[in-house]
Amino acid sequence: MGIIYKHSSPFLRAAQALLKKGKAEAIAPTRQTARCLKQQQPYSLSSLAAELLWQKGQRVLNPLEQYQQLKQAIATTLNPTDLEGTVQTWRRAMQELLQASPNLDGLKAFNTPKIQQLHQVIQQYQAQLQETKTVDPAAVLWQAIALGPVPQTLCIYGYPDPQVDEIAFIEAIAAADSLLYLPHIDGQSLFSPQAELIKRLQGKGWHLDDSQPETQSLGDRLSQKFFGQNSVNFEPKTVQAHVYPNWEAEARGTLGQIKQLLQQGVAARKIAIVTNEDNHWGPLLLHVAQEYEVPLSGELCLFLVYGGEERKSVSC
């Protein structure tokens with residue numbers, strides 16, 4: 001199978017050489033990762049999966065269509081008094097389940113009424129999508145795997161902690177000469193997600209390239225810091241990576257650091273927060289900012305990133 005790289009510099013050299021020959025497809029989900037591979041536009045695993053589905057006459061739902069189909073499935077199955085509220089309540093749970101597994105029949109083993117209702121709604125929802133030859137965005141990788149895709153040579157960059165559906169899709173689509181960047185440090189726990197994934201891929205024929213670059217890039221050093229290697233030093237000292245246990249802790253930690261900067265005299269207009277989950281981060285950050293008395297809705301900027309494209313959410 002392919003080659004796994006623990007460090008970005010050797011991976012980028014090998015990937016750029018392969019891409020230059022026109023013998024591989026670059027998989028880079030953000031504008032920044034695409035730029036590293038000298039690509040003009042981001043192209044994710046989901047983009048590749050959607051393209052494969054399109055070739056077979058299937059189309060991925062846009063957000064409005066997704067909402068309408070889910071609303072119809074809930075109305076048909078449950079007919080709740082508060083339809084809009086039920087859709088909002090169940091939407092995230094359904095997306096997480098659809099992304100977690102291609103087969104949700106295991107839900108039938110649970111006897112709780114809510115789980116049974118959820119399973120019925122998902123069945124109705126999937127039946128509607130099958131009838132219209134459409135696919136939910138959360139299930140796009142599983143649906144593409146079901147097609148039995150022809151392996152392709154891929155250079156995959158920008159998935160430091162791939163989810164279960166992404167891992168399954170990589171295994172299904174990556175040809176023997178594919179390259180995968182998966183940051184990992186030698187001192188990391190053998191039971192860490194990255195270590196377990198490397199072991200799993202090696203069991204399927206992937207080879208590990210653990211060659212050390214002469215000089216580590218900022219990305220390599222940040223990834224090592226992220227995975228717990230405290231001996232990594234940065235110049236300048238202000239470059240840091242932080243790990244938080246949940247969304248709220250991250251919001252509070254980030255805004256706490258910003259409040260410290262403001263108290264030290266740093267101008268709010270020189271500080272920005274960048275995120276790619278506006279539906280969750282926007283309200284959460286605004287709520288915590290109000291509690292911390294941080295001017296997030298004033299001079300401080302909040303940027304929302306969509307597939308590598310940025311748009312400013314809060315005026316500054």
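In this text the structure is predicted, and so the values were computed from the model without any measurement.
In this model, no donor atom of one side chain and acceptor atom of the other lie less than 3.5 Å apart for Gln124 and Gln120. Remark: the Ser47 side chain and the Ser44 side chain contain an N/O donor-acceptor pair separated by less than 3.5 Å.
By the criterion of side-chain heavy atoms lying less than 4.5 angstrom apart, applied directly or through intervening Ile, Leu, Val, Met, Phe, Trp or Tyr residues, Val164 is not grouped with Leu97; the two fall into different hydrophobic clusters. At a threshold of 4.5 Å between side-chain heavy atoms, the hydrophobic network of Ile, Leu, Val, Met, Phe, Trp and Tyr places Leu286 and Trp247 in one connected group. Hydrophobic cluster membership differs between Tyr125 and Val60, with clusters built from Ile, Leu, Val, Met, Phe, Trp and Tyr side chains linked at under 4.5 angstrom. Cluster annotation: Leu98 is not connected to Val140 through the hydrophobic network of ILVMFWY side chains, with a link wherever side-chain heavy atoms come within less than 4.5 Å.
Summarising the geometry, atom CE belonging to Met94 is positioned 5.0 Å from atom CD1 belonging to Ile122; distances are rounded to the nearest 0.5 Å. Atom CG of residue Leu197 and atom CD1 of residue Ile170 lie 7.5 Å apart, to the nearest 0.5 angstrom. Here Ile156 contributes atom CD1 and Leu45 contributes atom CG; the two are 5.5 Å apart, rounded to the nearest 0.5 Å. The distance from atom OH of Tyr244 to atom OG1 of Thr254, rounded to the nearest 0.5 Å, is 4.5 Å. Here the CG atom belonging to Leu147 is positioned 9.5 Å from the CD1 atom belonging to Ile173, to the nearest 0.5 angstrom. Taking OG1 from Thr86 and NZ from Lys71, the interatomic distance works out to 11.0 Å, rounded to the nearest 0.5 Å.
Here the closest heavy-atom approach between residue Gln116 and residue Lys108 is recorded as NE2-O, 3.3 Å. Minimum interatomic distance between Ile115 and Thr112 (heavy atoms only, all atoms of both residues): CG1-OG1, 2.9 Å. Taking each heavy atom of Leu37 and Leu19 in turn, the nearest pair found is O-CD1, 3.9 Å. The two residues Gln41 and Ala34 come nearest to each other via the heavy atoms O-CB, 3.7 Å. Listed here is the closest heavy atom pair of Leu255 and Ala289: CD1-N, 3.6 Å. Taking every heavy atom of both residues into account, Trp142 and Ala100 meet most closely at CZ2-O, 3.7 Å.
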Verify side chain to side chain contact (heavy atoms under 4.5 Å, CB included) between Glu171 and Leu201, making sure each step is shown before the conclusion.
-> CA-CA 8 Å; Glu171 292 176 340; Leu201 291 175; 3.9 Å; yes

Run the numbers on Ile167 and Arg200 for side chain to side chain contact (heavy atoms under 4.5 Å, CB included), then give the verdict.
-> CA-CA 10 Å; Ile167 295 169; Arg200 169 176 168 170; 3.9 Å; yes

Taking it one step at a time, do Leu48 and Gln152 satisfy side chain to side chain contact (heavy atoms under 4.5 Å, CB included)?
-> CA-CA 11 Å; Leu48 175 57; Gln152 301 181 29; 4.0 Å; yes

Passes side chain to side chain contact (heavy atoms under 4.5 Å, CB included), Leu179 versus Tyr181? Steps please.
-> CA-CA 7 Å; Leu179 309 179; Tyr181 172 56; over 6 Å; no

side-chain hydrogen bond (donor to acceptor under 3.5 Å, both in side chains) between Gln39 and Tyr157, intermediate numbers included | CA-CA 12 Å; Gln39 303 298 302; Tyr157 188 62; over 6 Å; no

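With a 6.0 Å radius and a threshold of 12 heavy atoms from other residues, nucleotides or ligands, Gln55 has its CD atom above the threshold. The 12-atom threshold is not exceeded at CD of Glu131, counting heavy atoms of other residues, nucleotides or ligands nearer than 6.0 Å. Lys259 NZ: more than 12 foreign heavy atoms inside a 6.0 Å radius. With a 6.0 Å radius and a threshold of 12 heavy atoms from other residues, nucleotides or ligands, Gln202 has its CD atom above the threshold.
By the 4.5 Å heavy-atom criterion applied to side chains, Gln32 and Arg35 are counted as neighbours. Within the 4.5 Å cutoff, the side chain of Ser46 has no heavy atoms near those of the Phe169 side chain. For the pair Ile145 and Pro102, the minimum side-chain heavy-atom distance is 4.5 Å or more. The side-chain heavy atoms of Ile258 and Tyr292, taken from C-beta on, include no pair separated by under 4.5 Å. Under the 4.5 Å side-chain criterion, counting only non-hydrogen atoms from C-beta, His119 is not in contact with Phe110. Between Glu291 and Arg252 there is a side-chain heavy-atom pair separated by less than 4.5 Å. At a threshold of 4.5 Å between non-hydrogen side-chain atoms, the residues Gln117 and Thr77 do not count as touching.
Counting Ile, Leu, Val, Met, Phe, Trp and Tyr side chains that sit under 4.5 Å apart, directly or through other members, Trp54 stands alone, with no cluster partners.
A side chain to side chain donor-acceptor pair (under 3.5 Å) with Asp136 holds for exactly one of Gln99, Gln69, Gln66, Gln126; it is Gln66. Exactly one residue among Thr134, Leu129, Val135, Leu52 makes a side chain to side chain contact (heavy atoms under 4.5 Å, CB included) with Gln58. That residue is Val135.
Counting only distance, with no hydrogens or angles, the side chain of Glu84 and the backbone of Asp82 share no donor-acceptor pair below 3.5 Å. Side chain of Ser178 to main chain of Leu154: a donor-acceptor pair is present (N/O by atom type, distance under 3.5 Å, no hydrogens or angles). Side-chain N or O atoms of Ser101 include none that pairs as donor or acceptor with a backbone N or O of Leu104 at under 3.5 Å.
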